[in-house]
2 protein chains.
Amino acid sequence: MKTKAAIDACCDTGSCAPVPSLPKGKRALSRSKGFDKELARLAKALAHPARVRIVQALMKVNACVCGDLVELLPLAQSTVSQHLKVLKLAGVVQGAVEGPKRCYCVNPAALNRLKELLSNL
Amino acid sequence: MKTKAAIDACCDTGSCAPVPSLPKGKRALSRSKGFDKELARLAKALAHPARVRIVQALMKVNACVCGDLVELLPLAQSTVSQHLKVLKLAGVVQGAVEGPKRCYCVNPAALNRLKELLSNL
DNA sequence: CCCGTTTATCGTAAATTTACGATGGAGAGA
DNA sequence: TCTCTCCATCGTAAATTTACGATAAACGGG
């Protein structure tokens with residue numbers, strides 16, 4: 001009977017529990033109203049390899065990075081700027097003006113928040 | 001001079017470092033070739049509120065969940081099935097056949113991997 | 001063997017994302 | 001002031017995502 005084997009392939013408890021009708025007062029965070037939206041929003045910010053690369057580069061130096069991020073990526077300058085905008089809107093990076101250039105750095109709080117939300121899944 | 005103030009708003013070190021030309025042998029994980037793609041792929045799986053809700057519900061019971069996930073979400077059955085497919089392809093959930101129903105549960109390894117990648121940013 | 005239940009897939013439409021070149025604006029220096 | 005550099009924004013095209021209803025496929029029960 002392959003049914004049993006298929007179940008084992010899924011998870012160890014052989015039986016199928018009913019859906020828990022969600023908010024059961026188990027953990028405060030995951031009950032909070034915007035939990036799913038907030039996690040999805042932060043995850044979406046990192047849901048593109050180019051944006052991950054940007055955050056990676058920004059983390060590596062713990063200072064601001066002047067704009068030659070474009071040279072890191074096989075993308076046009078306007079595209080990189082657009083990705084930076086996405087990251088800024090999600091609160092993952094912050095930017096400031098330094099002379100004619102821009103200055104970017106990651107906001108550690110946003111990444112910590114993402115980790116926190118993940119831990120409370 | 002508002003330039004200085006703007007810098008402070010970005011990060012505490014007042015100066016702007018050059019981009020670090022990425023792979024500098026600092027940490028093995030973040031150097032690995034597919035790091036950005038893998039993180040982006042996992043993040044993308046959670047980049048939609050409905051998929052977060054699904055994972056949430058699947059985590060809450062540590063067993064398989066029979067299919068009435070549809071009742072959790074304000075979405076049509078085919079849409080939920082599509083989101084489940086995305087999660088399965090990303091390796092975040094696993095499914096098995098139980099009689100006429102399907103049986104889903106999360107793959108903790110995938111979520112741990114996501115946390116690991118985030119920690120190595 | 002048919003039937004009802006459950007879920008995946010197909011076809012499709014709307015919305016969003018991704019990417020590019022072109023343009024514009026802000027600041028530094030001649 | 002004029003110009004040059006750096007970057008954001010605009011306009012736009014292609015690709016992807018999201019959502020739905022309709023249909024098909026798998027299974028157990030009668």
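Residue numbering restarts at 1 for every chain, and letters A, B, ... go by the order of the sequence lines. Owing to the predicted nature of the structure, the values given are computational and were not obtained by experimental measurement.
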The contact string for nucleotides 16-21 of chain D, one letter per nucleotide 5' to 3', using protein heavy atoms under 4.0 Å with B, S and - for base, sugar-phosphate only and none, comes out as -SBBBB
If I take atom NZ from residue A/Lys88 and atom CG from residue A/Asn107, how far apart are they, to the nearest 0.5 angstrom?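 That separation rounds to 13.5 Å.
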So does [Y] get a backbone contact from the side chain of [X], meaning a donor-acceptor N/O pair under 3.5 Å?
X	Y	result
B/Thr79	B/Leu75	no
B/Arg53	B/Leu72	yes
B/Arg51	B/Leu46	no

Whole Å only: how far is the NZ atom of B/Lys85 from the C1' atom of C/dT6?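 Answer to the nearest Å: 17 Å.
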Within a strict 4.5 Å, meaning less than it, do heavy atoms of the B/Met59 and B/Leu111 side chains meet?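 Yes, close enough: below the 4.5 Å cut-off.
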